[in-house]
2 protein chains.
Amino acid sequence: MKTRPSDASRDDLNQALRSFGIQPSAQRLAIAAFVLRNASHPSAEDVYNAVERALPMLSRATVYNTLNLFVERGLLRELWLAEGKVVFDPKLDRHHHFLDESTGAIHDIPWDALEVAKVEALDGFEVREFQVVLRGTRKPRPSGD
Amino acid sequence: MKTRPSDASRDDLNQALRSFGIQPSAQRLAIAAFVLRNASHPSAEDVYNAVERALPMLSRATVYNTLNLFVERGLLRELWLAEGKVVFDPKLDRHHHFLDESTGAIHDIPWDALEVAKVEALDGFEVREFQVVLRGTRKPRPSGD
DNA sequence: GTTCGTGCAAACGGTTTGCAACAAT
DNA sequence: ATTGTTGCAAACCGTTTGCACGAAC
């Protein structure tokens, strides 16, 4: 059977999961498909709502278990930035985060957009990773929307 | 009656609360006493456990209500750094945070210990505040403990 | 007497867990 | 047959809320 584009991306996902030591399944593929191509920062509930449309039998427990598995295996990162609710981040490369305090939206800030110095000079702390967390509001752009 | 040192600090707390628009009460004073002089980062449960020893009748609801009131009035800040649990920070001046991943401890990093540049240059973002969140482990110091 | 703070217990919302059914190897 | 995944429902845990009591102005 010929491989259609959707099959191809499905195979890619399959590979991606396997390369992280995650045995694929219908549910895991569907969750990965949503989370990985959705560069926003979905909560578990967001994931459930989105994936449940394609997989009506999906249970919340599976979503939680799967997301936790993905985090454990390094496919995702979890962020506890505010609101007492975890969100998941598919971007594995370093970046910072901006929280819009009026909308609650989370925006990625490219790593190179900021410069953080003297981290290595911190005495007594072995820093494995760091990020800048900024809070404020989105500014109306001078021109355009 | 002469003012003993403990009374003096109690009066200070009284003043502190009033200056933030918070009407003092026995419970609020006790909670403020613990949280303000305890520069660590207690959770609501930590506060309850500590203050409950001095005020056995204290209820958790009061602790939560009081902490939320303090945050609302600007006496405290709340941090959601990890673990799905809020912790409270009595330090109102800017500083960064280091999370020890092996102990869960939160350490303050003085503002000037790090340098963050280009924040003002972020296009489209009105930054009200920011901080660096670092993760890793405490390093055994070269000498001493 | 009205306002405000407290304690209690119940409710709440997000997350986890125990377990039985089931799919894959 | 064994291993691993899913769905369901109940449990869990941190937090909030409704309400009645009691203290303070």
Enquirer: Using a heavy-atom cut-off of under 4.0 Å over every strand shown, decide if B:N65 touches base, sugar-phosphate, or nothing.
Expert: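 Answer is base: heavy atoms of B:N65 come under 4.0 Å of a base.
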Enquirer: Which pairs, with at least one residue in residues 19-32 of chain B and sequence neighbours excluded, count as a salt bridge (charged side-chain N to carboxylate O under 4.0 Å, His left out)?
Expert: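 Sorted result for residues 19-32 of chain B: empty, none.
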Enquirer: Please determine, for the side chain of A:S25, which listed nucleotide (D:dT5, C:dG7, D:dC8) has the closest atom?
Expert: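 Output: D:dT5.
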Enquirer: Quick check for you: among D:dG7, C:dG7, D:dT15, whose closest atom lies nearest to any side-chain atom of B:A44?
Expert: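 That would be D:dT15.
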Enquirer: Between B:L67 (CG) and D:dT15 (P), how many Å, whole number?
Expert: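 Nearest whole value for this atom pair: 9 Å.
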Enquirer: Does any N or O in the side chain of A:D100 come within less than 3.5 Å of the main-chain N or O of A:A105, such that one atom is a donor and the other an acceptor?
Expert: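 Side chain of A:D100 to backbone of A:A105, a donor-acceptor pair under 3.5 Å: no, none is there.
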Enquirer: Give the nucleotide from the list C:dG7, D:dG7, D:dT5 with an atom nearest to the side chain of B:L58.
Expert: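 That would be C:dG7.
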Enquirer: Starting at CD1 of A:I22 and ending at P of C:dA24, how long is that distance when rounded to a whole Å?
Expert: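 Taking CD1 of A:I22 and P of C:dA24, I get 19 Å after rounding.
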Enquirer: The side chain of A:K85 lies closest to which of these nucleotides: D:dC8, D:dT16, C:dG14?
Expert: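 Given the options D:dC8, D:dT16, C:dG14, the side chain of A:K85 is closest to C:dG14.
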Enquirer: Reading DNA chain D from 5' onward, which residue's closest nucleotide shows up sooner: B:V86 or A:T66?
Expert: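 Nearest-nucleotide comparison on DNA chain D picks A:T66.
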Enquirer: Checking contacts here: which listed nucleotide (D:dG7, C:dT6, D:dT5) is nearest the side-chain heavy atoms of B:Q27?
Expert: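 The nucleotide sitting nearest to the side chain is C:dT6.
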Enquirer: Atom CD of A:E72 and atom P of D:dT5: how far apart are they, to the nearest Å?
Expert: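 Distance, rounded to whole Å: 11 Å.
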Enquirer: Does D:dT5 have its OP1 or OP2 closer than 4.0 Å to a side-chain nitrogen or oxygen of A:R28?
Expert: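 For D:dT5, OP1/OP2 do have a side-chain N/O of A:R28 under 4.0 Å.
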Enquirer: Output yes when a side-chain donor or acceptor of B:R94 lies under 3.5 Å from a complementary backbone atom of B:W111, and no otherwise.
Expert: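 No.
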Enquirer: Is it true that A:K118 and B:E115 have a side-chain N and a carboxylate O under 4.0 angstrom from each other?
Expert: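 A salt bridge is present here (some side-chain N lies under 4.0 Å from a carboxylate O).
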Enquirer: A:R60 CZ to D:dA10 P: how many Å, rounded?
Expert: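 Checked: the CZ to P distance equals 15 Å.
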Enquirer: Select one nucleotide: of D:dT5, C:dG7, C:dT6, the one nearest the side-chain heavy atoms of B:S59.
Expert: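 Of all the options, the side chain of B:S59 is nearest to C:dG7.
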Enquirer: Return a single string for nucleotides 19-25 of chain D, one symbol per nucleotide in 5' to 3' order, where B is base contact, S is sugar-phosphate-only contact and - is none, cutoff 4.0 angstrom on heavy atoms.
Expert: -------
Enquirer: Using a strict 4.0 Å threshold on nitrogen-to-oxygen distance, state whether B:R60 and B:E45 make a salt bridge.
Expert: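 B:E45 and B:R60: salt-bridged.
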Enquirer: Is the phosphate of D:dT5 approached by A:T62 (side-chain N or O, under 4.0 Å from OP1 or OP2)?
Expert: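 Answer is no, no contact under 4.0 Å.
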Enquirer: Measure the CD-CZ distance between B:E126 and A:R138 for me, rounded to the nearest 0.5 Å.
Expert: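 Answer rounded to 0.5 Å: 12.0 Å.
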Enquirer: Are B:T62 and B:N65 close enough that a side-chain donor and a side-chain acceptor fall under 3.5 Å?
Expert: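 No - no donor-acceptor pair under 3.5 Å links their side chains.
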Enquirer: Establish, with yes or no, whether the OP1 or OP2 oxygen of D:dT16 is under 4.0 angstrom from a side-chain nitrogen or oxygen of B:Y64.
Expert: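 No, because none of the side-chain N or O atoms of B:Y64 sits under 4.0 Å from OP1 or OP2 of D:dT16.
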